[in-house]
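Data first, discussion second: the structure below is written as structure tokens.
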Amino acid sequence: MRCYLHALLLCMVFAVFSVLYVFNQLPVASSFESQYEDGWTDRRTKKSSGRQPQFGAQDTGHIVRKGGGVPSLFDHQEHDKTREKPASASVQEATRDERIHLAVVACGPRLEETLTMLKSALLFSAKPLHFHIFAEDHLHGSFGESLDLWPSVFQTKFNYTTYPITFPSENAKEWKKLFKPCASQRLFLPLILKDVDSLLYVDTDILFLQPVEEIWSLLSFFNSTHLAAMAPEHEEPRIAWYNRFARHPYYGKTGVNSGVMLMNMTRIREKYFKNDMTSVPLKWVELLMPLLQKYKLNITWGDQDLLNIIFHHNPESLYVFPCQWNYRPDHCIYGSNCLEAEQEGVFILHGNRGVYHDDKQPAFRAVYEAIQKFFLCCCSVFHSLPLHLFQFPLSLLPPFPPLPVL
């Protein structure tokens with residue numbers, strides 16, 4: 001009964017703020033409609049008029065524009081099926097600096113996995129979230145239908161924009177097939193989301209077990225040269241991949257994993273990067289294609305390898321956060337080798353290699369299925385209970401086999 005009373009009270013508060021907000025925003029809305037009257041819609045999806053902006057055009061996914069996201073920043077033709085759920089009064093009243101921008105790229109059979117990831121972000125976080133969803137055209141409708149069905153009490157906590165998969169036209173097929181389908185889209189996010197200052201990119205197989213604002217707060221640890229943050233690829237060199245097999249430069253002793261990547265995109269767009277192709281530093285937009293052409297026969301993990309090469313030559317630009325923010329099966333296959341997770345718990349679970357969907361890592365799969373099947377209701381029980389109850393229990397992992405002898 002108390003749950004329903006809380007829900008009723010929340011609805012009344014949101015209704016009052018909504019009315020006040022509508023009257024307050026009428027002049028602003030009129031101004032934006034006159035400035036962006038070509039192709040913009042309010043509260044609903046609309047296809048673009050078919051005209052595609054050239055590379056370098058302004059991103060159209062900004063929160064206040066309430067319409068389609070960016071159609072295509074490259075000169076090849078592609079349908080714009082982007083959409084944005086209108087912000088609620090409570091979310092729009094929050095300052096935009098408080099909004100956490102979360103990006104994901106979904107191609108192929110990744111719809112359900114992506115929705116589960118977004119649900120995990122929403123369950124634990126208190127701050128407003130903006131989901132930037134890059135997906136194949138046929139997935140856009142499914143994302144919209146699913147997200148719009150989430151209960152209204154959760155709708156007030158997030159906005160979302162869907163975008164087409166977008167690559168430079170002259171090499172689009174090469175980029176799209178690099179490693180996994182569409183994975184290299186993340187490399188172009190700073191060039192697409194031009195109005196976004198900072199962004200948290202995650203793979204679809206990520207599960208948040210702590211509020212998103214906790215990893216977002218790591219931006220405050222950046223010094224004047226940091227522009228991105230990632231976790232090490234391995235903590236144990238004896239089972240590390242890069243130091244044993246890589247045929248290209250990589251960051252540090254064991255490389256970094258790009259499944260969770262925190263970015264100051266303003267700094268990425270502005271920086272000139274040192275490289276091994278020319279003595280002249282290059283901007284991000286100038287760097288990517290020459291880098292791919294040089295190393296495409298030597299890289300195994302696609303865009304992650306390219307990021308390792310970039311930060312090998314620019315180590316001062318990378319902030320390295322602990323493995324508990326990107327906990328993967330590699331951390332528990334040959335013994336537990338993520339000390340921070342043992343001491344404080346797992347904050348972000350990364351179920352790479354498909355472990356959410358097979359029986360190789362039962363603990364990973366159990367956590368995934370618990371969040372996947374959790375029904376979003378009017379009461380956010382996750383916010384009323386201690387967070388440590390939901391930390392990933394390392395004691396559930398099976399016995400560890402011994403490390404390989406090298």
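Note: hydrogens, waters and symmetry copies are ignored here, and every other heavy atom, side chains too, is used. For clarity, every value in this text was computed on a predicted model and none was experimentally measured.
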(request) List in chain and number order the residues that pass side chain to side chain donor-acceptor pair (under 3.5 Å) with Thr278, two or more places apart in sequence or in another chain; answer none if no residue qualifies. (result) none

(request) Say whether, by atom type as modelled, one donor and one acceptor occur between the side chain of Gln210 and the main chain of Ile348 under 3.5 angstrom. (result) no

(request) To the nearest 0.5 Å, tell me how far Leu227 CG sits from Met263 CE. (result) 10.5 Å

(request) Look up atom CG in Leu339 and atom CD in Gln324, then write down how far apart they are to the nearest 0.5 Å. (result) 9.5 Å

(request) Report the C-alpha distance between Tyr356 and Glu112 in whole Å, list the side-chain angles of each, state the deciding distance to 0.1 Å, and finish with yes or no for side-chain contact (heavy atoms from CB on, under 4.5 Å). (result) CA-CA 12 Å; Tyr356 293 149; Glu112 186 63 29; over 6 Å; no

(message) Could you check whether Arg110 pairs with Glu136 (Lys NZ or Arg NE/NH1/NH2 to Asp/Glu carboxylate O, under 4.0 Å)?
(response) no

(request) Could you name each residue pair satisfying salt bridge (charged side-chain N to carboxylate O under 4.0 Å, His left out) that touches residues 283-293, not counting sequence neighbours? (result) none

(request) For residues Ile133 and Leu147, determine if any side-chain heavy atom of one lies less than 4.5 Å from a side-chain heavy atom of the other. (result) yes

Donor-acceptor pairs under 3.5 Å, side chain of residues 246-256 to any protein atom, not counting sequence neighbours: which ones?
residue	atom	partner	partner atom	Å
Arg247	NH2	Leu297	O	3.1
Thr254	OG1	His234	O	2.7

(request) With rounding to the nearest 0.5 Å, note down the distance linking CG in Asp303 to CD1 in Ile309. (result) 11.0 Å

(message) Given Met265, which partner from the list Leu193, Asp195, Asp197 fulfils the side-chain contact (heavy atoms from CB on, under 4.5 Å) test?
(response) Leu193

(request) For the residue pair Gln372 and Thr116, confirm or rule out a side-chain donor-acceptor distance under 3.5 Å. (result) no

(request) Verify the distance criterion only: is there a donor paired with an acceptor across the side chains of Tyr160 and Asp148 at less than 3.5 Å? (result) yes

(request) Indicate the ring-plane relationship of Phe188 and Trp175, choosing parallel, tilted or perpendicular according to the 30° and 60° boundaries. (result) perpendicular

(request) Carefully, step by step, assess Phe124 and Val212 under the rule side-chain contact (heavy atoms from CB on, under 4.5 Å). (result) CA-CA 7 Å; Phe124 289 105; Val212 182; over 6 Å; no

(message) Any non-hydrogen side-chain atom of Asn159 less than 4.5 Å from a side-chain atom of Arg99?
(response) yes

(message) Checking Ser198 now: which residues fulfil side-chain contact (heavy atoms from CB on, under 4.5 Å) with it, not counting sequence neighbours?
(response) Trp216, Leu219, Asn264

(request) Without swapping roles, check the side chain of Arg186 against the backbone of Met261 for a donor-acceptor pair under 3.5 Å. (result) no

(message) Between Lys157 and Ser125 (side chain of the first, backbone of the second, donor and acceptor by atom type, cut-off under 3.5 Å), is there such a pair?
(response) yes

(message) Side chains of Leu291 and Asn275, heavy atoms from C-beta outward: is any pair under 4.5 Å?
(response) no

(message) What verdict does the side chain to side chain donor-acceptor pair (under 3.5 Å) test give for Tyr319 and Asn223, after you've listed the backbone C-alpha separation in whole Å, the side-chain angles of each residue and the deciding distance to 0.1 Å?
(response) CA-CA 9 Å; Tyr319 176 85; Asn223 64 25; over 6 Å; no

(request) Inspect cysteines Cys182 and Cys107 and report if their side-chain SG atoms are under 2.5 angstrom from one another. (result) yes

(request) Mind listing the closest non-hydrogen atom pair of Asp330 and Asn337 along with its distance? (result) O-ND2, 3.3 Å

(request) Identify the heavy atoms of Val104 and Asp203 that sit nearest to each other, and give their distance. (result) CG2-C, 4.2 Å

(message) So which atom in Gly351 and which in Phe364 form the shortest heavy-atom distance, rounded to 0.1 Å?
(response) CA-CD2, 4.1 Å

(message) Given 3.5 Å as the limit, does a donor-acceptor pair link the side chain of Asn257 with the main chain of Gly259, or not?
(response) yes

(message) To check you understand the geometry: which heavy-atom pair defines the closest contact between Cys323 and Ala231, and what is its length?
(response) CA-CB, 4.5 Å

(request) Sequence neighbours left out, what pairs pass ring-ring contact (aromatic ring centres under 6.0 Å, His included) with at least one residue falling in residues 196-215? (result) none

(message) Less than 4.5 Å apart, side chain to side chain, heavy atoms only: is that true for Val260 and Leu200?
(response) yes

(request) Test salt bridge (charged side-chain N to carboxylate O under 4.0 Å, His left out) on Asp358 and Arg353 and set out the steps. (result) CA-CA 10 Å; Asp358 59 32; Arg353 301 177 184 171; over 6 Å; no

(request) Indicate yes or no: at least one non-hydrogen side-chain atom of Leu191 is less than 4.5 angstrom from one of Thr166. (result) no

(message) Are the side chains of Trp284 and Arg269 in contact, using a 4.5 Å heavy-atom criterion?
(response) no

(request) Can you measure from NZ (Lys119) to CG (Leu207) and round to the nearest 0.5 angstrom? (result) 10.5 Å

(message) Once rounded to the nearest 0.5 Å, what's the spacing between atom CZ of Phe311 and atom CG of Leu306?
(response) 11.5 Å

(request) State the CG-CD1 distance between Leu292 and Ile299, to the nearest 0.5 angstrom. (result) 6.0 Å

(message) Please check: side-chain N/O of Glu213 versus main-chain N/O of Ala126, any donor-acceptor pairing under 3.5 Å?
(response) yes

(request) Verify the distance criterion only: is there a donor paired with an acceptor across the side chains of Glu342 and Ser336 at less than 3.5 Å? (result) yes

(request) Would you check if the side chain of His140 reaches a backbone N or O of Tyr163 as a donor-acceptor pair within less than 3.5 Å? (result) yes

(message) Is there a side-chain contact between Leu102 and Leu118 in this structure, where contact means two heavy atoms from C-beta onward sitting under 4.5 Å apart?
(response) yes

(message) If you compare all heavy atoms of Ala106 against all heavy atoms of Thr114, which two are closest, and at what distance to 0.1 Å?
(response) CB-OG1, 3.6 Å

(request) Say whether, by atom type as modelled, one donor and one acceptor occur between the side chain of Asn314 and the main chain of Lys274 under 3.5 angstrom. (result) yes

(request) Quick one: list whatever passes side chain to side chain donor-acceptor pair (under 3.5 Å) with Lys296, sequence neighbours left out. (result) Glu174, Gln293

(request) Write down the atom of Pro329, the atom of His350, and the distance for their closest heavy-atom approach. (result) CD-O, 3.4 Å

(request) Let me see the working for Phe222 and Arg267 under side-chain contact (heavy atoms from CB on, under 4.5 Å), right down to the final yes or no. (result) CA-CA 11 Å; Phe222 281 22; Arg267 291 185 178 183; 4.3 Å; yes

(request) Please answer whether the main-chain N or O of Ile206 pairs with a side-chain N or O of Glu113 as donor and acceptor at a distance below 3.5 Å. (result) no

(request) Go through the side-chain N and O atoms of Tyr368 and Gln361 and say whether any donor and acceptor fall under 3.5 Å apart. (result) no

(request) Decide side-chain contact (heavy atoms from CB on, under 4.5 Å) for Tyr242 and Trp301; before the verdict, give the C-alpha distance in whole Å, the side-chain angles of both, and the deciding distance to 0.1 Å. (result) CA-CA 10 Å; Tyr242 281 109; Trp301 308 113; 3.8 Å; yes

(message) Looking at Ser317, is its backbone amide N or carbonyl O close enough to the side chain of Lys271 to form a donor-acceptor pair, meaning the two atoms are under 3.5 Å apart?
(response) no

(message) Can a donor-acceptor pair be found, under 3.5 Å and without considering hydrogens, that links the side chain of Lys127 to the backbone of Glu98?
(response) no

(message) Within the structure provided, determine whether Phe321 and Glu340 are in side-chain contact (heavy-atom separation under 4.5 Å).
(response) no

